[in-house]
Amino acid sequence: LRQGEELYRALSDLVSVGIFRTDAPGRCMYVNRQWCEITGLSRGRIVGSSWFTGVHPEDAVRVAAEWSAASCAGLPHESEFRFQRRDGQTLWARARSVPQVAADGTMTGYLGVIQDVTEQHAARADHCHGFH
């Protein structure tokens, strides 16, 4: 079991997306190195805290409502939102997660990924405003 966990952690630190795992209420139980780089938060700061930590205040209510609806229904969750880093930088992120279910059918949390989509978001905004 420990070897499997070590392999999981090693692989998750090699990928170019942030990986997170939460418990059922949405508290982060694990984040990889890339998640920390994207969000600007350390593992020590986020583990045990809500994955919403850092979501831009103007997006927080919407994202929380989306998460709550998905969680209550045991459905996957996907959202695009602004993330307010501790260094003051704002970036656009896309989070996708799927429920993790125990053998008895109880939802135990979510496993997900987060990507920095700031450049794609800016390109879409420029295109929509007629800039090329």
Side-chain angles (χ1 to χ4, degrees):
L1 182 60
R2 189 167 28 146
Q3 283 180 329
E5 186 173 312
E6 289 171 4
L7 177 62
Y8 170 79
R9 289 179 190 274
L11 288 172
S12 74
D13 279 340
L14 290 173
V15 296
S16 61
V17 296
I19 296 175
F20 64 94
R21 185 173 53 85
T22 73
D23 61 8
R27 290 183 301 258
C28 280
M29 306 309 292
Y30 171 79
V31 293
N32 71 342
R33 178 185 49 78
Q34 187 66 11
W35 190 95
C36 294
E37 288 179 16
I38 291 169
T39 65
L41 296 169
S42 68
R43 284 182 177 139
R45 168 80 170 94
I46 194 63
V47 170
S49 298
S50 170
W51 78 268
F52 296 101
T53 302
V55 172
H56 193 283
E58 292 178 14
D59 296 340
V61 172
R62 173 184 56 83
V63 174
E66 292 169 354
W67 170 267
S68 180
S71 181
C72 288
L75 296 172
H77 172 256
E78 184 169 348
S79 186
E80 195 168 291
F81 52 88
R82 288 170 293 176
F83 199 94
Q84 186 70 53
R85 293 171 45 103
R86 290 179 66 113
D87 63 8
Q89 179 184 6
T90 299
L91 61 86
W92 280 93
R94 180 178 300 124
R96 293 177 306 212
S97 58
V98 292
Q100 300 294 283
V101 180
D104 67 0
T106 305
M107 190 185 66
T108 59
Y110 276 83
L111 180 63
V113 296
I114 186 171
Q115 293 175 274
D116 179 347
V117 294
T118 304
E119 288 182 17
Q120 295 94 317
H121 198 272
R124 282 196 313 258
D126 287 347
H127 180 72
C128 290
H129 292 102
F131 300 110
H132 298 288

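Every heavy atom of this structure was used, including side-chain atoms; hydrogens, water molecules and symmetry mates were not.
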Student check: side-chain heavy atoms of Cys36 and Arg43 closer than 4.5 Å: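 In short, these two side chains touch, coming nearer than 4.5 Å.
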
Between Trp35 and Tyr30, ring centroids under 6.0 Å: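 Between Trp35 and Tyr30, the centre distance exceeds or equals 6.0 Å.
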
Testing the basics here: between [X] and [Y], what is the closest heavy-atom pair and its distance to 0.1 Å?
X	Y	value
Thr118	Trp92	OG1-N, 2.9 Å
Val117	Arg94	CG1-NH1, 3.6 Å
Ala70	His77	CB-CB, 3.9 Å

Measuring from atom [atom1] of [X] to atom [atom2] of [Y], what distance do you get when rounded to the nearest 0.5 angstrom?
X	Y	atom1	atom2	answer
Gln89	Gln84	CD	CD	9.0 Å
Met107	Ser71	CE	OG	3.5 Å
Thr22	Ile46	OG1	CD1	11.0 Å
Ser50	Trp67	OG	CH2	8.5 Å
Phe83	Ile114	CZ	CD1	6.0 Å
Leu91	Asp116	CG	CG	4.5 Å

Co-membership, hydrophobic cluster, residues Val17 and Met29, 4.5 Å side-chain: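 No, because Val17 and Met29 fall into different hydrophobic clusters, even though each may have its own neighbours under 4.5 Å.
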
For Glu78, all residues meeting salt bridge (charged side-chain N to carboxylate O under 4.0 Å, His left out), sequence neighbours excluded: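 Scan of Glu78 (salt bridge (charged side-chain N to carboxylate O under 4.0 Å, His left out), adjacent residues dropped) gives none.
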
Partners meeting salt bridge (charged side-chain N to carboxylate O under 4.0 Å, His left out) with Arg86 (sequence neighbours left out):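 Testing Arg86 for salt bridge (charged side-chain N to carboxylate O under 4.0 Å, His left out), a comparison that skips the adjacent residues, returns none.
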
Quiz: residues 54-62 side-chain donor-acceptor pairs under 3.5 angstrom, not counting sequence neighbours:
unit_1, atom_1, unit_2, atom_2, d
His56, ND1, Glu58, N, 3.1
Glu58, OE1, Arg82, NH1, 3.3
Glu58, OE1, Arg82, NH2, 3.2
Asp59, OD1, Arg82, NH2, 2.9
Asp59, OD2, Arg82, N, 2.7
Asp59, OD2, Arg82, NE, 3.0
Arg62, NH1, Glu66, OE2, 3.1
Arg62, NH1, Ser79, OG, 3.3
Arg62, NH1, Glu80, O, 3.4
Arg62, NH2, Glu80, O, 2.8

Steps toward side-chain contact (heavy atoms from CB on, under 4.5 Å) verdict (Trp51, Ser97): CA-CA 12 Å; Trp51 78 268; Ser97 58; over 6 Å; no

Stepwise side-chain contact (heavy atoms from CB on, under 4.5 Å) check, Ile19 with Leu111: CA-CA 8 Å; Ile19 296 175; Leu111 180 63; 4.3 Å; yes

Stepwise side-chain contact (heavy atoms from CB on, under 4.5 Å) test for Arg45 and Thr53: CA-CA 9 Å; Arg45 168 80 170 94; Thr53 302; 3.9 Å; yes

Residue pair Gln100 / Thr108, side-chain donor-acceptor N/O under 3.5 Å: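 Short answer, no.
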
